[in-house]
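In the text below, chain A, chain B and the rest are named by the order of the sequence lines, each starting its count at 1. These figures come from a predicted structure and were not determined experimentally.
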Number of protein chains: 2
Amino acid sequence: MRKRKVPDVVINRLPLYLRVLAEIDAEQSPIISSFELGERTGITPGQIRKDLSFFGVFGKQGVGYEISTLRVELCRILHLDRVVNVGLVGVGKLGEAFLRYGAGRQREVLNREGLIIKAAFDQDQQKIGRRIAGVEILPVEQLPELITQLRLSIIILTVPAGVAQSVFDTCVASGIKAFLNFAPVKLQIPAGIRVHHADFTLQLESLAYYS
Amino acid sequence: MRKRKVPDVVINRLPLYLRVLAEIDAEQSPIISSFELGERTGITPGQIRKDLSFFGVFGKQGVGYEISTLRVELCRILHLDRVVNVGLVGVGKLGEAFLRYGAGRQREVLNREGLIIKAAFDQDQQKIGRRIAGVEILPVEQLPELITQLRLSIIILTVPAGVAQSVFDTCVASGIKAFLNFAPVKLQIPAGIRVHHADFTLQLESLAYYS
DNA sequence: TAGATTGTTAATCGATTAACAATC
DNA sequence: TAGATTGTTAATCGATTAACAATC
């Protein structure tokens with residue numbers, strides 16, 4: 001479906017540009033150069049121009065980029081110009097933590113960008129019906145139907161390692177194409193599905209090398 | 001100090017090898033081939049052999065790698081053959097979440113690898129002295145002394161964006177070389193210091209592209 | 001116009017993959 | 001010995017950087 005033309009590394013940098021643009025929105029000048037954006041993001045100006053050129057022509061030679069225009073364009077490219085509903089599966093320690101975290105400062109940021117944590121799922125009857133940070137916990141058995149009904153398009157996986165693959169497969173079968181996976185497992189991932197891994201244990205272990 | 005010879009991508013893969021080796025430890029055969037390790041990690045056999053070759057010769061031609069030996073060697077390379085003390089700064093929502101998360105299944109895994117979450121730090125007087133999941137909260141003012149006293153060598157940053165840079169600088173000045181940063185900011189990082197970023201907001205935003 | 005900065009191409013760099021001689 | 005798998009080199013691939021013509 002999507003042409004595999006834009007490298008993932010480029011996509012990963014776009015939200016960073018967006019963040020900086022949001023921070024300085026028309027602070028002083030309504031215009032920003034790739035050099036100034038480079039300063040603020042830590043990305044080289046050339047790379048920023050190259051990244052943007054994958055999607056079109058957004059700047060004016062000799063002038064720079066209009067901040068508000070660039071924001072709109074980046075939002076459009078990232079599909080953040082519409083509401084994106086996010087579901088979280090697995091309300092254990094980590095899942096609950098994520099819900100509470102997302103409840104603070106960062107939820108505002110996410111919501112502003114159209115990312116809404118719409119529902120959480122668990123198999124524990126005790127938890128179902130409860131709300132954490134305003135997010136209702138629903139029965140994981142109904143995940144397929146509810147993905148459709150609630151129009152979820154991103155799933156955060158905070159389930160135990162043992163069930164991660166089967167929950168993942170269920171979500172894929174229900175049309176989910178993007179995942180943020182916290183489970184410490186190697187998932188079998190079909191083509192066309194994007195999974196970002198957030199594996200703290202592996203991260204800490206590799207940090208030990210530099211310590 | 002450390003020769004900038006081994007690429008970071010290689011270091012990041014080593015804990016994955018280690019995890020798989022721990023899972024299957026002498027399950028059946030005491031030997032594993034790069035092909036089987038490749039199956040289980042999702043890394044190509046050739047890349048595994050290349051990665052390992054940065055550090056020495058660990059296998060036997062025509063045979064494979066002795067699992068227990070390889071585990072020991074990988075632990076040694078990653079400095080996980082000794083205790084590595086980890087400190088967490090900023091016991092807000094996210095910091096608390098991380099402490100509680102790390103208290104479960106994953107803490108066992110971390111501890112087995114010698115990674116100990118030794119102390120947490122906050123500036124809120126109310127929180128100081130409390131324990132979360134067995135980890136005591138200490139005054140952030142004493143961070144420099146306590147880094148030395150407690151022999152902390154990795155810091156997890158879960159502070160608000162506004163103070164992340166100054167806390168980071170303090171830690172660097174006290175000799176910390178490895179960080180796991182959850183604050184949504186671009187840190188100014190001196191040479192020789194390693195920072196892994198765990199920025200959920202950016203990750204979710206880039207996922208929206210694929211959704 | 002003169003100065004500045006983009007958009008883009010070509011050169012460089014680094015990481016992955018393929019392939020195979022060495023050898024257990 | 002024959003078969004298997006490593007360790008390593010060379011080829012490929014992809015991403016970053018440098019450079020500059022186009023143009024506002």
Side-chain angles (χ1 to χ4, degrees), chain A residues 2-14 16-17 20-21 24 28-74 77 186 189 194 206 209, chain B residues 2-14 16-17 20-21 24 28-71 73-74 77 186 194 206 209:
Chain A
R2 170 155 295 112
K3 299 104 225 145
R4 299 253 87 260
K5 243 179 31 204
V6 183
D8 292 333
V9 279
V10 173
I11 300 299
N12 292 162
R13 281 191 292 264
L14 300 186
L16 191 59
Y17 304 153
V20 167
L21 293 173
I24 60 169
Q28 331 157 334
S29 165
I31 302 287
I32 194 170
S33 70
S34 60
F35 294 88
E36 196 183 344
L37 191 50
E39 289 255 308
R40 301 219 187 208
T41 54
I43 312 291
T44 62
Q47 185 153 108
I48 291 172
R49 297 200 300 276
K50 184 132 220 296
D51 285 354
L52 295 178
S53 77
F54 279 101
F55 305 99
V57 168
F58 305 117
K60 254 204 188 69
Q61 276 147 323
V63 182
Y65 301 89
E66 204 194 337
I67 293 171
S68 61
T69 308
L70 192 53
R71 281 186 76 181
V72 169
E73 290 294 338
L74 285 174
I77 293 163
K186 183 211 153 202
I189 302 169
R194 179 80 183 156
S206 62
Y209 177 80
Chain B
R2 169 154 297 111
K3 299 105 227 144
R4 300 253 84 263
K5 242 177 31 204
V6 183
D8 292 333
V9 278
V10 174
I11 301 298
N12 291 164
R13 280 192 292 264
L14 300 186
L16 191 59
Y17 304 153
V20 168
L21 293 173
I24 60 169
Q28 326 155 339
S29 165
I31 302 288
I32 193 170
S33 70
S34 60
F35 294 87
E36 196 183 344
L37 191 49
E39 289 255 308
R40 303 220 186 206
T41 55
I43 312 290
T44 62
Q47 185 153 105
I48 291 172
R49 296 199 302 274
K50 184 133 220 296
D51 285 353
L52 296 176
S53 76
F54 279 102
F55 305 99
V57 167
F58 305 118
K60 254 203 187 69
Q61 276 147 323
V63 182
Y65 301 89
E66 205 195 338
I67 293 172
S68 62
T69 308
L70 192 52
R71 281 187 76 180
E73 290 294 337
L74 286 173
I77 292 162
K186 183 211 154 200
R194 179 81 185 154
S206 62
Y209 177 80

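Taking CG of Asp8(B) as the reference point, atom CZ of Arg194(B) lies at 3.5 Å (rounded to 0.5 Å). Going from atom OH of Tyr209(B) over to atom CG of Asn12(A) covers 11.0 Å, rounded to the nearest 0.5 Å. The CG atom of Leu21(A) lies 10.5 Å from the CG atom of Leu14(A); values are rounded to the nearest 0.5 Å.
The CG-C1' distance, from Leu52(B) to dT5(D), rounds to 13 Å in whole Å. Regarding Glu36(B), its CD atom lies at a distance of 13 Å from the C1' atom of dT5(D), rounded to whole Å. Spacing between atom CG of Asp51(A) and atom P of dT8(C) amounts to 13 Å, rounded to whole angstrom units. Between Lys60(A) atom NZ and dG7(C) atom C1' the separation is 15 Å, expressed in whole Å. Gln47(B) has its CD atom 14 Å from the P atom of dG14(D), to the nearest Å. Taking atom CG of residue Leu70(A) and atom C1' of nucleotide dG7(C), one finds them 14 Å apart after rounding to whole Å. Protein atom CZ of Phe55(B) is 16 Å distant from nucleotide atom C1' of dT8(D), rounded to whole Å. Rounded to an integer number of Å, the gap from CG of Leu37(A) to P of dT5(C) is 14 Å.
Residues Gly62(B) and Gly62(A) each lie close to DNA chain D; by heavy-atom proximity, the contact nearer the 5' end of the strand is made by Gly62(B). Map Ser53(A) and Val63(A) each onto its nearest nucleotide of DNA chain C; the residue landing nearer the 5' end is Val63(A).
Of the candidates Thr41(A), Ile43(A), Ile48(A), Ile43(A) is the only one forming a side-chain contact (heavy atoms from CB on, under 4.5 Å) with Arg13(A).
Ranking dT6(C), dT8(D), dT16(D) by closeness to the Val9(A) side chain, first place goes to dT16(D). Between dC20(C), dT5(D), dT16(D), one nucleotide has an atom nearer to the side chain of Arg49(B) than all others, and that is dC20(C).
Side-chain nitrogen and oxygen atoms of Tyr65(A) include at least one within less than 4.0 Å of the OP1 or OP2 phosphate oxygen of dG7(C). For the pair Arg13(A) and dT16(D), the criterion of a side-chain N or O lying under 4.0 Å from OP1 or OP2 is met. OP1 or OP2 of dT5(C) has not a single side-chain nitrogen or oxygen of Ser34(A) nearer than 4.0 Å.
Between the side chain of Lys186(B) and the backbone N or O of Glu39(A) there is at least one donor-acceptor pair closer than 3.5 Å.
With hydrogens and angles ignored, no donor-acceptor pair closer than 3.5 Å exists between the side chain of Gln61(A) and the base of dT23(D).
In this structure, dA18(C) and dT9(D) make a Watson-Crick or G-U wobble pair, each of the two defining distances being under 3.5 angstrom.
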